[in-house]
Amino acid sequence: MIRNIFYIFRLAPGIVCKSFLLELLLSLFVAVPTGSLLLIVRELFSAQVNEHRLWAYVIIIAVLLVVQLLFSGTTYVTSNRMTYTLSTHLRMKLGKHLQKLSMGAYKQRDPADLASVALQDVANFELIFVHTIGNIISTIFSTIIISVFLFVTDWRLGLILLVGLPLSWVVVKISGKFLLKEGAEHIRARNETGARFLEYVQGIRHIKSYGLTGKRFTVLEKAFNDFRKASIRTEAIPGPFVLTAAVIFELCFLWMAYTGITYFTGGTLTVAALITFLILGYRLYEPLKLALVDYTILRYMNISLARIVDLLNTPPQLSGTAGTPRQYDLQFDNVHFSYIEGKKVLDGVSFHIPEKSMLALVGPSGSGKTTITSLLARFHDVQGGSVKIGGTDVRNMQPEQVYSLISEVFQEVYLFDDTIYNNIRFGRMDATEEEILDAAEKAQVLDFAWEMPGGLQSRVGEGGNMLSGGQKQRVSIARALLKNAPVILLDEATASLDPENEIYIQKAIQELVKEKTVVVVAHKLATIRNADAILVLNEGKVEQWGRHEELVNCPGLYKRLWDIQQLAGGWKVEERTLSGSMSV
Ligand SMILES: Nc1ncnc2c1ncn2[C@@H]1O[C@H](COP(=O)(O)OP(=O)(O)OP(=O)(O)O)[C@@H](O)[C@H]1O
C-alpha cells in the first residue's frame, strides 16, 4: 500500500510536502497546549505554587488553542487540495497513458472494467483519501510528539503505553488480509453490475425483439444482488478487528494506570507524573483508535489504487524515430501473430504490393484477413517478422505517424454524436468548407443530407444511430476522402448493404481508392476480379496468391470459393484498373 501511495504522491510532490508540513505544525500546536497542561499539573503539586506562572501557562494554552483553530482550517483546505490535485493528475496521467496503449491492449480488457478504473477507482481514491489522510498524518505526528513527552516524564510507563501499538497493528494487519479478498470481490461485483447494466441498455433492442426482457433482467438482478452481498461483507470485516484493537489500547491503559499507582505508592513516581500519564494516556489512544479505522478504509482504497497503478504500468506501444515514408508499398515479411499466447492467427505470412495497387484478402471466416489490416494499421504489433510501409517497419514509427498514413472503411462505422458536417471534418480538422463539401459530394453524402431538415448540419445521434447503415458508410467514406491518406483499408464495406446503397457506396469507394494503395477484405469475390493481387488465406497461412484469372483457372481454395459464389448468384462485377507488380 505504501508503495502505491508514494507512486501517487510523486505526481504532485510540492503540494504533498506542503500538506505534510502543515499537518506537522498543526500537531505541534495540538501537542504544546497538552504539554503546558502538564506544566500546570506540575506547578500545582510543587512545594511553592507560583500563581503568575500558572496564569502564564493558561494564557499560552488559550493563545495556542486559537492558533490551532485558525491553522486547522488552512491545514484542512491544503489536505483537500492535495487530494484533488493528486486525483486530477491521476486522471490526466491515465488519459495520456490510455492514448499510448495499443488497440490490442484495449481489446484485451473489458471496456467496462477499463472505464471503471479511470472513473470509479479514481473516485474511490479521491473520496477515501480526502477523509482519511489528514487524520492519519496528524495522528502519526501527534503520537510521536506525545510519546516523547511521556518518555521524558517516565520511560517505564511510556513503554507500557506503547506496547499497545504493535499489538493493535498486528490485529489490523490481519483484518487487511480479509479485507483485501472481500474488497477485490466487491470491486469485481461493482464492475460486473456496470458491465451488465451497459449490456442491458445497449442491447435493449435485441433483448426486446427476442423476448429476453425477463431473462436478461434476471442476469442484471443477480449482478445487483451479488454487489449488495459483497458490499455488506466488505463493510462488516473491519468492525471486529478495530474493536479488538481498541480493547488492546484500553487494557494497556489499565495496565499503565495500575503500574503507575504501584510506582507512586512505592515512591518511585511523583503524583504530577502519575496525573500526566492518566491524562496523556487517553490523549494518545483516542486519535489512534480513529486512525486505525481510517487505516482499514485506506486498505480498501489500496485495491482501487493497485488497479490504477497496474493500468498505468501497462507498457505503452513502442515507437521509433523513423521518418514518415515517402512511398507507400506494403510488405509483410514472414509475419507471425497471435492474440492469445499459443493460438497462432498468422503463421509466416509474406507478401509485397507496390504503391497505388490493390490487394484483396480472401479466405474462410477466421483465416486472418481482418488481422492483416489491423497489423498494417499498427493496432497490434507482430510477434515475429515485420510489417513495412514504404520500406519502414511500422514499429519504428510513432503510432500516430502510422495512423496518419491510413484510412479505414469498415462495415461497422462509428460516428460521433455531432453534425454530419463535423463528422466529415474529423477526417482533417484544418480542412476548408469547400474541401468538406467536395468530400461529401464525392462520397454521395449530399444526396441524402439535402433531404434532411438541417442538411449537412443535421445531427447524427449517438454512434450515428439516426442514419441508416449505408448513410453512415458514406459519411465515413467522406471522412476518409478528406483525410486523403495514401493507404486505404476496406473491410467488407458493402457486405451487408441493399443493392441501391451498394451502388452509392461503390461509387464513393471508387473516388476514395483513386491513386491509393488499397487492401480490401472481400467476401464477394466478384467485386475483386480486377484486383492487382489476391491473397488467399487459410488458417493463418497464405494458401494461394495471384490475379483472379490465374486463381480461378487452377484447382484450389479460391476456385472452390468462386464456384460456390457462382452457384449462390447475385454477384456484381466492379471495374478497377490499377498497375503494379506483386510478389509473395
Ligand atoms: N481480439 C481478438 N482476441 C482474440 N482472438 C481474436 C481477436 N480478433 C480475432 N481473433 C481470432 O483471430 C482469428 C482470425 O480473425 P480475423 O478476424 O482476422 O479473421 P477473418 O478472416 O477476418 O474472419 P471473418 O471473415 O469472419 O471476418 C479468429 O480465430 C478470431 O477468433
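The analysis underlying the following values was restricted to heavy atoms, covering all of them including side chains, and did not include hydrogens, waters or symmetry mates. Both ligands and their constituent atoms are indexed starting at 1 by order of listing.
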H186 and F227 aromatic ring geometry - parallel, tilted or perpendicular at 30°/60° bounds: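 The rings of F227 and H186 lie parallel, inter-plane angle below 30°.
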Angle class for the Y558/H548 ring planes (parallel below 30°, perpendicular above 60°, tilted otherwise)?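 Y558 vs H548 ring planes: perpendicular.
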Only heavy atoms of [X], strictly under 4.0 Å: list the atoms of ligand 1 that pass.
X    : answer
T371 : 14 (C), 15 (O), 16 (P), 18 (O)
G368 : 14 (C), 18 (O), 19 (O), 20 (P), 21 (O)
S367 : 19 (O), 21 (O)
K343 : 29 (O)

Please name all residues satisfying salt bridge (charged side-chain N to carboxylate O under 4.0 Å, His left out) with K559, sequence neighbours left out, ordered by chain then number.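 K559: salt bridge (charged side-chain N to carboxylate O under 4.0 Å, His left out) contacts with D563.
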Does only the side chain of V345 get under 4.0 Å from ligand 1, or the backbone, or both, or neither? Count heavy atoms.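 The answer is the side chain of V345.
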Looking at H380 versus Y339, is the centre-to-centre ring distance below 6.0 Å?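 Yes.
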Counterpart residues, side-chain hydrogen bond (donor to acceptor under 3.5 Å, both in side chains), relative to R10 (two or more places apart):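 Not a single residue meets the side-chain hydrogen bond (donor to acceptor under 3.5 Å, both in side chains) criterion with R10.
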Could you tell me whether G366 and ligand 1 have an N or O pair separated by under 3.5 Å?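 Yes, there is a polar N/O contact under 3.5 Å.
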Under 3.5 Å, side chain of T392 to main-chain N/O of K388, donor-acceptor pair present?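 Absent.
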As a check for students: among S374, G363, G540, S365, identify the option with a heavy atom nearest to atom 26 (O) of ligand 1.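 Residue with the shortest heavy-atom distance to the ligand atom: S365.
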From atom 4 (C) of ligand 1, work out which of Y339, F337, F379 has a heavy atom at the shortest distance.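 Among Y339, F337, F379, the closest heavy atom to atom 4 (C) of ligand 1 belongs to Y339.
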